[in-house]
Amino acid sequence: MELNTFKDMIFELFNETDNLPIVDIMVNDRKNEIKIFLADHSSFSVKCSKRGSWFIQKPVNSKGK
C-alpha cells in the first residue's frame, strides 16, 4: 500500500467515526500529518510514514510434522 492511500484511509476513518467528538480535521500532506481537533478543545496529531513491509512466518513444528 502506498503512503498516500494509507493517509486517505486514515482520514476517512476519522471523518466517518461517530465515536469521537471531532470538530475539525486538518491534513498537512507535506509533513504527512493529520491533526484532529475535538469538542473539548484537545487536539491530537497522527504522523504517517512508510516503514517497509512485513510478513508473518508460520512457526515450524518442533516434532517435524
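On a predicted model such as this, the values are computed, not experimentally measured, just so you know. Side chains included, hydrogens not; waters and symmetry mates left out as well; all remaining heavy atoms used.
Between K31 and K47, some side-chain heavy-atom pair lies under the 4.5 Å cut-off. Looking at heavy atoms from C-beta onward, F44 lies out of side-chain contact with K35 at the 4.5 angstrom threshold. Between E12 and I10, the closest side-chain pair of non-hydrogen atoms is not below 4.5 Å. Counting only heavy atoms from C-beta outward, the side chains of S49 and R51 approach each other to under 4.5 Å. No side-chain heavy atom of L38 sits under 4.5 Å from any side-chain heavy atom of S43.
Here the CD1-NZ distance, from I34 to K7, works out to 7.5 Å after rounding to the nearest 0.5 Å. Atoms CG and CZ, on N19 and F14 in that order, are 11.5 Å from each other to the nearest 0.5 Å. Taken from CG in N32 to CZ in F6, the straight-line distance is 11.0 Å, to the nearest 0.5 Å. Separating the CG atom in L3 from the NZ atom in K50 is a distance of 8.0 Å, to the nearest 0.5 Å. Here the straight-line distance linking atom CG of D24 with atom CD1 of I36 works out to 10.5 Å at 0.5 Å rounding.
Cluster membership for V23 and M26, using ILVMFWY side-chain heavy atoms within less than 4.5 angstrom, is not shared. Residue L13 is not grouped with residue L20 when hydrophobic side chains (ILVMFWY) are merged at heavy-atom distances under 4.5 angstrom, including chains of intermediate members.
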- Chi angles and distances behind the side chain to side chain contact (heavy atoms under 4.5 Å, CB included) call for I25, F37: CA-CA 6 Å; I25 302 171; F37 298 90; over 6 Å; no
- Apply the test side chain to side chain contact (heavy atoms under 4.5 Å, CB included) to residues M1 and M9: give CA-CA distance (whole Å), side-chain angles for both, the deciding distance (0.1 Å), then the verdict. CA-CA 11 Å; M1 178 181 296; M9 293 172 76; 3.6 Å; yes
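At most 12 non-hydrogen atoms from other residues, nucleotides or ligands lie less than 6.0 angstrom from CD of E2.
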